[in-house]
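What follows is a set of notes on a single structure, which appears directly below.
FYI, side chains are in, hydrogens and waters are out, and symmetry mates aren't considered; it's all heavy atoms of this structure. Proteins get letters first, then strands, A, B, ... in listed order; numbering begins at 1 in each.
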Number of protein chains: 2
Amino acid sequence: MAASRRDALPTSEQFAVWRAYIQTAEILRARVQARLQADSNLSDGDYKVLLALSEADGSALRSSELAAIIEWERSRMSGHLGRMEKRGLVRRERHDEDARGSRVVLTGEGARAFRASMIPHLEAVKGIFVDAFTDVQLDEIDDTTTALRTHLGLPPMSGRSRA
Amino acid sequence: MAASRRDALPTSEQFAVWRAYIQTAEILRARVQARLQADSNLSDGDYKVLLALSEADGSALRSSELAAIIEWERSRMSGHLGRMEKRGLVRRERHDEDARGSRVVLTGEGARAFRASMIPHLEAVKGIFVDAFTDVQLDEIDDTTTALRTHLGLPPMSGRSRA
DNA sequence: GGTGTGTAATTGACATGTAAATCATGTCAG
DNA sequence: CTGACATGATTTACATGTCAATTACACACC
């Protein structure tokens, strides 16, 4: 008995799809994160920060630029950078031109940690996520993710568009 | 340029599918959670606990049973129950037969909060998630989620199996 | 030069998550 | 009985996330 598209409430089947989807995605995230942590002693957040800094001109960015790239709150970035600085992955320097902002600089140790983490991280994504599916299923995921992003008003980021 | 199934690393297209999938799922979770919080002042965790207790015999469960149902660490459950107890949503009683365990009991206030939250929450899931897709796409999500759960060694929880 | 306003970033207070250690109780071999 | 071990749950320590308040500086206008 298919429910009308206009019903305000989901059918129990639809709700079950939601529950399975969201719970599975959570577990997936946790597994990949755990591998990154075990292989490279980096959290997901660490990885994003290191990635952004690696790609930045001079391996340095202002904290707010970093926050904008990663789409984090500034306060979240602030706390995270504090922890990363304590571990020697980044360094914060006073910004000469505008002393309100600080320059976040990738340290040699940070760059080394990031380089060492990349291959294992990609392998983990392959083994944990990609290998679960057939090529057709991966395309379906691409489609449904795109549909969802459109519905949510998010910019597209399809994998197929770059093929 | 399809990559062999056996390559250790994902293609850039495959990796893009991963990034889109995981990022979109996060945003989705955050949106539904925000609605639940705004409508009912409950977190996702609160809702899960209340749901499990509501369905339980006598509106009570042992803490470890609750943890097993929701698939949480026991320590996580412990901390969460502490916060929920402070807000009057649940109560912990000494278990008579086995004094190691405690009985987690749904309070009247907890039951009321849960009942009040259900309809808005279902509406949110419908509007934010279900309505993004065609029926065919929802079936595809069900399929790919099932494939992923199998790959991850998780028990199945398909929406179609209950249709 | 001061003073108000905006902006960059940090701080503080809390909720949430994970892992390891601890505590209390139960169970069972001897 | 009793001592070793198993089990249920909490505690502790810390990482992570959000929000509101605060600090430090820049800049424009008088």
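- Applying side chain to side chain donor-acceptor pair (under 3.5 Å) to A:Gln23 and the options B:Arg29, B:Glu71, B:Lys48 leaves one that passes, B:Glu71.
- A salt bridge does not link B:Arg91 with B:Glu85: every distance from a Lys NZ or Arg NE/NH1/NH2 to an Asp or Glu carboxylate oxygen is 4.0 Å or more.
- For the pair A:Ser63 (side chain) and A:Ser102 (backbone), a donor-acceptor distance under 3.5 Å is absent.
- DNA chain D is contacted by both A:Arg94 and A:Glu73; A:Glu73 maps to the nucleotide lying nearer its 5′ end (nearest heavy atom per residue).
- When the side chain to side chain contact (heavy atoms under 4.5 Å, CB included) test is applied to A:Ala116, no partner is found at least two apart in sequence or on another chain.
- Atom NE2 in B:His95 sits about 8 Å away from atom P in D:dA9, given to the nearest Å.
- Taking B:Tyr47 as the reference, B:Phe114, B:His121 meet the ring pair (Phe, Tyr, Trp, His ring centres under 6.0 Å) condition, with sequence neighbours excluded.
- Atom pair B:Glu97:CD and D:dG8:P shows a separation of 14 Å (rounding to whole Å applied).
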Checklist line | Nucleic acid footprint by protein, nucleotides 4-17 of chain C - heavy-atom cut-off 4.0 Å, B for base, S for sugar-phosphate alone | finding: --BBSBBB---SBS

